[in-house]
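Since the structure comes first, as structure tokens, the remarks are kept for the end.
So that the names make sense, note that chain A is the first sequence line, chain B the second, and so on, each numbered from 1.
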Number of protein chains: 2
Amino acid sequence: MDDVDRQLLVLLQQDASRPYAALGQAVGLSAGATHERVRKLRERGVIRRTAVDVDPAAIGRGVLAFVMVDSTKWVGDSGDQFAAIPEIQEAHVIAGSASVLVKVRTSTKEQLQDVLRRMYAIEGVSGTQATVVLETLFERPVTP
Amino acid sequence: MDDVDRQLLVLLQQDASRPYAALGQAVGLSAGATHERVRKLRERGVIRRTAVDVDPAAIGRGVLAFVMVDSTKWVGDSGDQFAAIPEIQEAHVIAGSASVLVKVRTSTKEQLQDVLRRMYAIEGVSGTQATVVLETLFERPVTP
DNA sequence: AAACTATGCAGAATGACATTCGATAGATCA
DNA sequence: TGATCTATCGAATGTCATTCTGCATAGTTT
């Protein structure tokens, strides 16, 4: 994992549809060598997959909120329960007063409310504290 | 934006390297028609880009935290200031007691502390409230 | 209702590109 | 020094994206 690998990751995070020849030119390698580098990054699990980036607003997910979930018992093993709610995009076990933090995307505030309702149905969940996003300043890939 | 489009988005979010012929077979279309569908999804901005997904831990970003930022003045226009800190992956203006919520990925807790220090240097920032993630249950694309 | 128009699809043709391979140069180790 | 291993280049090959033509369907106008 040298500097060339890091450069390649940055470029591929911006646009993974670029030909290997162009990628190689950007980092000073041939297409073949570039291909081999990227193949190994995949093999090592540094690159997990190639995927399209979808605009949430364009598919009716214009409302974003973060929700702190309080619980009376351990819910760290209830990942599947949270995953069963499709509007939840991320779920993390956290340190601090709450026990789980989830990122929710819905179409409307009413739907957000409904998601909260469904979270209360999860065993051990005793409270929620929702923070609605007014404006997203930026969302970007992690820089290597 | 019909059901076939939604299916295509799901498939492309899972794996955008699949050939159009295979994609088409999955949704019951020819390769040419599938290509046309995807082209239009890009044109409309539903698909923003194609990018690789990088494992944060593999590039030395194993520590994840969410930070609520308090301020004494309006920092909603300071997006560039937050963006200048590379460890910040997302920044959102929020409703509620704090004014900005950021998602931070660092290598160590010490580096997290340093990020907090740099955030205090931003004009108007008066306090931070960091929540460290112990375990990420899941992170997934938005489902159309 | 008939004609017209627009849209979406299938299937084939073309060219770009990914992928593979052999050869070479440099690096590491004994 | 010799041997082994790794990374690279450049070329060969096949796959696949992309484009185009023709057709069918649905919607619109007269």
Figure out the CD/P separation between E43(B) and dT18(D), and round it to whole Å.
-> 14 Å
With sequence neighbours excluded, residues passing side-chain contact (heavy atoms from CB on, under 4.5 Å) with D2(B) = V4(B), D5(B), R37(B)
Integer-rounded Å distance: dG8(C) P and R39(B) CZ = 10 Å
Would you name the heavy atoms of A58(B) and M1(A) that are closest together and state the gap between them?
-> O-CE, 4.0 Å
Please report, rounded to the nearest Å, how far the C1' atom of dC17(C) is from the NE2 atom of H35(A).
-> 10 Å
Report the distance from atom CD of E36(B) to atom P of dC20(D), rounded to the nearest whole Å.
-> 12 Å
Under 4.0 Å between a side-chain N/O of K40(B) and OP1 or OP2 of dG8(C), yes or no?
-> yes
Any pair counted as ring-ring contact (aromatic ring centres under 6.0 Å, His included), so long as it reaches residues 3-42 of chain A, sequence neighbours left out = Y20(A)-H35(A)
Is a salt bridge present between E36(A) and R39(A), judged by a nitrogen-to-oxygen distance below 4.0 Å?
-> yes
Pair E139(B) + K103(A), salt bridge at N-O below 4.0 Å = no
Is Q13(A) reaching over with its side chain to a backbone N or O of V142(A), donor-acceptor style, under 3.5 angstrom?
-> yes
Using a cut-off of strictly less than 4.0 Å between a heavy atom of the residue and any atom of DNA chain D, enumerate the qualifying residues of residues 1-30 of chain B by number.
-> R18(B), P19(B), Y20(B)
